[in-house]
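Per chain, numbering begins at 1; letters A, B, ... match sequence-line order.
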Amino acid sequence: MPREWTTATRNPHATPARQPGRRTVPVIRVQALADTIIELTLQDAHTARTARPGQFVMLYTHDQSRLMPRPFGVAGTNGDTFTIIFAIVGEGTRQFSTLREGDTIDMLGPLGGQAFNLDQPGDYLLVGGGLGIPPLLYAAQRLAAKPDTRTTAILGYRDTRYADTRMQTHTPHTHSITNAQGDVLTLLNTLEPNPNPDQPLTILTCGPKPMMQAVHQWAQTHNANCQTCMEQRMGCGYGACVACTIPTIHGNTKTCTEGPVFPSTTIIW
Amino acid sequence: MPREWTTATRNPHATPARQPGRRTVPVIRVQALADTIIELTLQDAHTARTARPGQFVMLYTHDQSRLMPRPFGVAGTNGDTFTIIFAIVGEGTRQFSTLREGDTIDMLGPLGGQAFNLDQPGDYLLVGGGLGIPPLLYAAQRLAAKPDTRTTAILGYRDTRYADTRMQTHTPHTHSITNAQGDVLTLLNTLEPNPNPDQPLTILTCGPKPMMQAVHQWAQTHNANCQTCMEQRMGCGYGACVACTIPTIHGNTKTCTEGPVFPSTTIIW
Amino acid sequence: MTTYTHSTIVAGIPWKNPVATASGTFLAEASTQYYDVSELGAVTTKGVSPIPWEGNPSPRTAESPSGTVNSVGLQNPGIDHYLANDLPQLKQLGATVITNVAGHTPDDYIQVVKKLDNSPADMLEINVSCPNVNAGGLSIGTDPTTLYNLITDLRKTNQQTNSSSNSPPTVTDITTIAKAATDAGADALSLINTLIGMRINTTTGQPILANTTGGLSGPAILPIGLANVWKVRTALPHTPIIGIGGIHNAHTALEYLYAGANAIEIGATALLNPQAPHTIAQELETLLDQRPALAAKLAAGETWR
Amino acid sequence: MTTYTHSTIVAGIPWKNPVATASGTFLAEASTQYYDVSELGAVTTKGVSPIPWEGNPSPRTAESPSGTVNSVGLQNPGIDHYLANDLPQLKQLGATVITNVAGHTPDDYIQVVKKLDNSPADMLEINVSCPNVNAGGLSIGTDPTTLYNLITDLRKTNQQTNSSSNSPPTVTDITTIAKAATDAGADALSLINTLIGMRINTTTGQPILANTTGGLSGPAILPIGLANVWKVRTALPHTPIIGIGGIHNAHTALEYLYAGANAIEIGATALLNPQAPHTIAQELETLLDQRPALAAKLAAGETWR
Ligand SMILES: Cc1cc2nc3c(=O)[nH]c(=O)nc-3n(C[C@H](O)[C@H](O)[C@H](O)COP(=O)(O)OP(=O)(O)OC[C@H]3O[C@@H](n4cnc5c(N)ncnc54)[C@H](O)[C@@H]3O)c2cc1C
Ligand SMILES: Cc1cc2nc3c(=O)[nH]c(=O)nc-3n(C[C@H](O)[C@H](O)[C@H](O)COP(=O)(O)OP(=O)(O)OC[C@H]3O[C@@H](n4cnc5c(N)ncnc54)[C@H](O)[C@@H]3O)c2cc1C
Ligand SMILES: Cc1cc2nc3c(=O)[nH]c(=O)nc-3n(C[C@H](O)[C@H](O)[C@H](O)COP(=O)(O)O)c2cc1C
Ligand SMILES: Cc1cc2nc3c(=O)[nH]c(=O)nc-3n(C[C@H](O)[C@H](O)[C@H](O)COP(=O)(O)O)c2cc1C
Ligand code: FES
Ligand code: FES
């Protein structure tokens, strides 16, 4: 199945810009947002200054037998620091949850060849589910700084509404729902999400794949541009191993350097 | 080559006494005795109360990729604590050297089926070289408590005389030499080590193999009982893996449970 | 004393739980100091030969990332000592005993297995995969015909004891080897043994092991053992399999059970923590409580796959 | 920019230092973001096939103790894209380039190697040991006759480029395979590739990799790679060998050089730290300063053993 190879469009003869490599950074703050959900503030000027919403960083455990990088979306920046928000799901995140202020951690990034595109003015609908919400927090932070945009956030949680107050600092139009009450589609269908029909509507979504697929379909029927932030197990995060592919209309495509944000229409759902 | 198997003499049907397993203990004190030689005080009542001179403990690194136990001779006990003295030689000891008071470390022991036998009254000559000195410190501590013995220590160092002051707290008859000046044999031959020819002379020795061999030969010619504390790479330390053998007149014999102390006459030098 | 409710059956032999020790990492008088051997599914004893063997020169052990490389070379006091000492002691303590059998020649194996006829050993494990002896061991386990002939002969020698063939991972096709063993009458398969490895001292430029190479085991080989069990389970849906290789906690034991093993053995991890087999058996009990479907299959002598 | 004084020669090709990247863990546009590729001994590019390959379904990667299990399945944009993009870019950046060649059938390899005739590639590495494709790869690398025939045909196709055969570790006897490759005209041997492994999710009971099994690499396999290089060096005293498997710092690189390798490649470790190949090359420079005898041998294209 020959196909257009996304990287073929770049100039092959350009000397690449050098990126900072794996490095050790200080832990500034560790805060539990819910039972097993933790916000980690790390100090890294490069990430704080250059990360775009949808991009992620790799964190490495101190355990020398667990070598693989763990990807986490940047959830916000502040001066020389940035935050991530993670759930304790396995041994790596369990170890990260024991970090304390003053500890250090190894990181790489920011990574991700395609971030959320926030250039379009108009209405933005941020639809997040579970641990897909953190990148949307950062998108909302950036959108809040743009006078020509208006952001509505629709957040679905398993139980604890761990990110509502943080989202509200970026946009007053924050709506959320827990599993017991329904899902983000319930909210999408009960809200009037595009109050200004003359304005273009951009949807940014991140969360479980079935949720993003439903949001994509909703976007199709509402004539909205939809950008999805995809998740895949990664081997490196910087494009070298070709482990992180998802099927797209261009074939198997790397989530790390060709994503993690994709136009929802390119994903094979 | 069939041979007498040392373990065959035990009662095979006895229910064995249960030993404490691998456990986590607090680090009480870390003190540098020389450039790369460190004294570590650990709190473990069981070891402090039951360890015999020549026995050792296993320490485990916090690095989950370096799984193997590191053996260290008990260098002394005090109440509920015991000390070991180690040289930084590889990655494990380098990691142990970064331990601080209040940290914890995993240990097993005390181990070693044969310790120094201190039952004999009379003169004791402790001949130690390099990192073979720590077990002799503990032997001297125990001998100092026995009124019917008199201890002379002969210590050979690469350079820094890291253990002289400690040995002097147990016996005033402490003599030492550094590589630049000669070796323990130089001292043995210049001293009058057996001032009381009516008393039996027991030699306890621990250090590099060539040194112990020379001490063994010296003992032979001086009609002394000589006990050598042998070193070998170990896989478990408690007798299960049969990795730690040395050639003896009984065949390949485990250093951990049949040693580490052997009559010098049983070693194939 | 823990009560174990999740038993298993390996080639007709009931095990209290699916956890055994692996050969060469358990020695009766050493390991029984740390836990009650009757609380394990089984204990596998060190490879035993017709006469005492002296093994390889030392050093015999070297560390590697998440692993250990060993070249003991099957040092053991021989079958007569074993029958007089270890075996009766372990049986008296209530253990289910798997006797691991070693040999340089087919005749060596036959001598040992003959002496084990009518012994209280519950199972035999024929070690045809030791990388640390020059003759026998691996050279038998890597050739399907030699292995077939050996197991056939052993079956004739000893009809009474169920036997498992411990097959090596370093063969081009493990399923061929596995089939040769079962076709010849092996009741079960023990998968996997160690892989040939070595380390070098970068100060001297010389191998750390006196024997140059040794067998790599420990967590490092976990994925390899799992893949071998998975492959053989796919090829031989009904053969009892004891999964071995890199198990270091109850979750990794569970991976083997999901890969299709009936039971598991713990090797190197017991060297790093003498109580590990017992602790893992206890923790697995809890994990199986949470997985009634898997537990039911094991209890019936069936497997997940 | 570091100055490297300890060069090596691999099958006639001069390398600035003994450190290269391993195939599948280096991609020009990704890795060049982190270091100057002209500072390495060589870079080995991802296995390239006659036409673009889509590889295996995802997930393609799973963690294991001190290792990683991957089943990319040789996804790559094909030889034409490679010749138009990666290869010229790397040559312009001053790299010594080893082109890793993949195929399902002998004809696939021939097509790729033909297109590489008169290309600026410095060496070819024929991947006959990928565990992640159903046809080709491992099925060729485990059979001496098939491998002999393939390498013979490739030699006829492309006389110009030195080629190295990347042999698999999971064969009963690696020296037979190594000899088949060199007898057929392989100028060098790349040892080792990954070992077949898998992991299972203990919540679902299912394999983590969509393809069930993958290739285990990383520090976990270090002792296995060393033992293979040692064995082949003993059997073939004069064949250039590139040592691969589990190298994660300059000391482990050194172990391979003492085992008899002429040079080394760094795989998984580069995935965990993009700059690792460069850092290791720098650190090895210092270690070789301290080992003039070894450095002199390497510089002369000879090996320690
Ligand atoms: C681009 C991207 C952004 C992400 N952002 C966030 C975030 O902001 N907050 C958050 O809580 N989680 C996020 N995740 C998921 C997060 O990476 C995993 O939860 C985490 O890696 C699990 O690590 P562990 O060690 O606890 O699990 P283990 O199961 O011990 O991990 C074993 C291996 O599997 C990988 N892995 C396990 N689960 C996942 C998963 N769901 N996705 C990718 N790799 C996985 C790990 O990275 C590791 O390599 C993101 C994933 C991706 C791909
Ligand atoms: C019974 C006994 C008592 C000992 N007592 C002392 C003591 O009191 N003070 C002291 O400084 N040293 C002592 N040693 C030596 C000490 O065990 C080693 O220096 C230490 O294990 C090195 O660990 P490492 O991680 O720094 O070296 P690494 O080279 O990183 O270790 C790798 C592996 O090799 C083993 N190893 C390396 N060198 C030795 C060695 N010389 N002996 C045994 N195993 C080794 C390690 O235990 C480990 O398993 C004793 C050894 C034995 C056998
Ligand atoms: C020190 C040591 C000695 C061993 N001796 C034997 C043996 O005598 N017979 C045998 O079949 N396997 C022997 N093995 C292999 C183990 O039984 C087991 O198959 C292997 O170690 C893999 O399991 P692990 O990763 O849990 O250690 C030995 C392993 C080690 C580490
Ligand atoms: C993600 C990944 C992809 C790989 N792809 C290839 C390949 O295309 N061709 C090849 O010959 N080897 C491939 N390999 C094997 C490596 O080149 C190397 O032989 C192996 O990883 C062992 O080295 P390491 O332990 O340093 O990783 C790949 C390895 C990894 C981890
Ligand atoms: S994670 Fe390695 S290419 Fe994307
Ligand atoms: S170290 Fe295992 S038996 Fe002595």
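When each of D:L195, D:T213, D:I196 is checked for a side-chain contact (heavy atoms from CB on, under 4.5 Å) with C:I224, only D:L195 meets the rule.
Per-residue heavy-atom pair counts under 4.5 Å with chain D were compared for C:G197, C:P207, C:P223, and the maximum is reached by C:P223. For the set D:L294, D:T202, D:L216, D:L257, the count of heavy-atom pairs under 4.5 angstrom toward chain C peaks at D:T202. With chain C as the partner, the residue from D:G205, D:A259, D:A62 showing the most heavy-atom pairs under 4.5 Å is D:G205. Per-residue heavy-atom pair counts under 4.5 Å with chain D were compared for C:L222, C:I221, C:L287, and the maximum is reached by C:L222. With chain D as the partner, the residue from C:S66, C:S64, C:G67 showing the most heavy-atom pairs under 4.5 Å is C:S66.
With a 4.5 angstrom heavy-atom cutoff, D:L226 touches chain C via backbone and side-chain atoms both. C:R291 touches chain D through its side chain: at least one heavy atom from C-beta onward sits under 4.5 Å away, while N, CA, C and O do not.
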For this session: Show the numbers, then the answer: is there a side-chain contact (heavy atoms from CB on, under 4.5 Å) between C:R199 and D:T252?
Result: CA-CA 9 Å; C:R199 293 302 302 273; D:T252 48; 4.0 Å; yes
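The two residues C:H248 and D:P65 come nearest to each other via the heavy atoms CE1-CG, 3.8 Å. Considering every non-hydrogen atom in both C:E255 and D:I200, the closest pair reads OE1-N, 2.7 Å.
Distance check, rounded to the nearest 0.5 Å: CG of C:N201 to OH of D:Y258 gives 9.0 Å. Here CD of C:Q290 is found 9.5 Å from OG1 of D:T203. Values are rounded to the nearest 0.5 Å.
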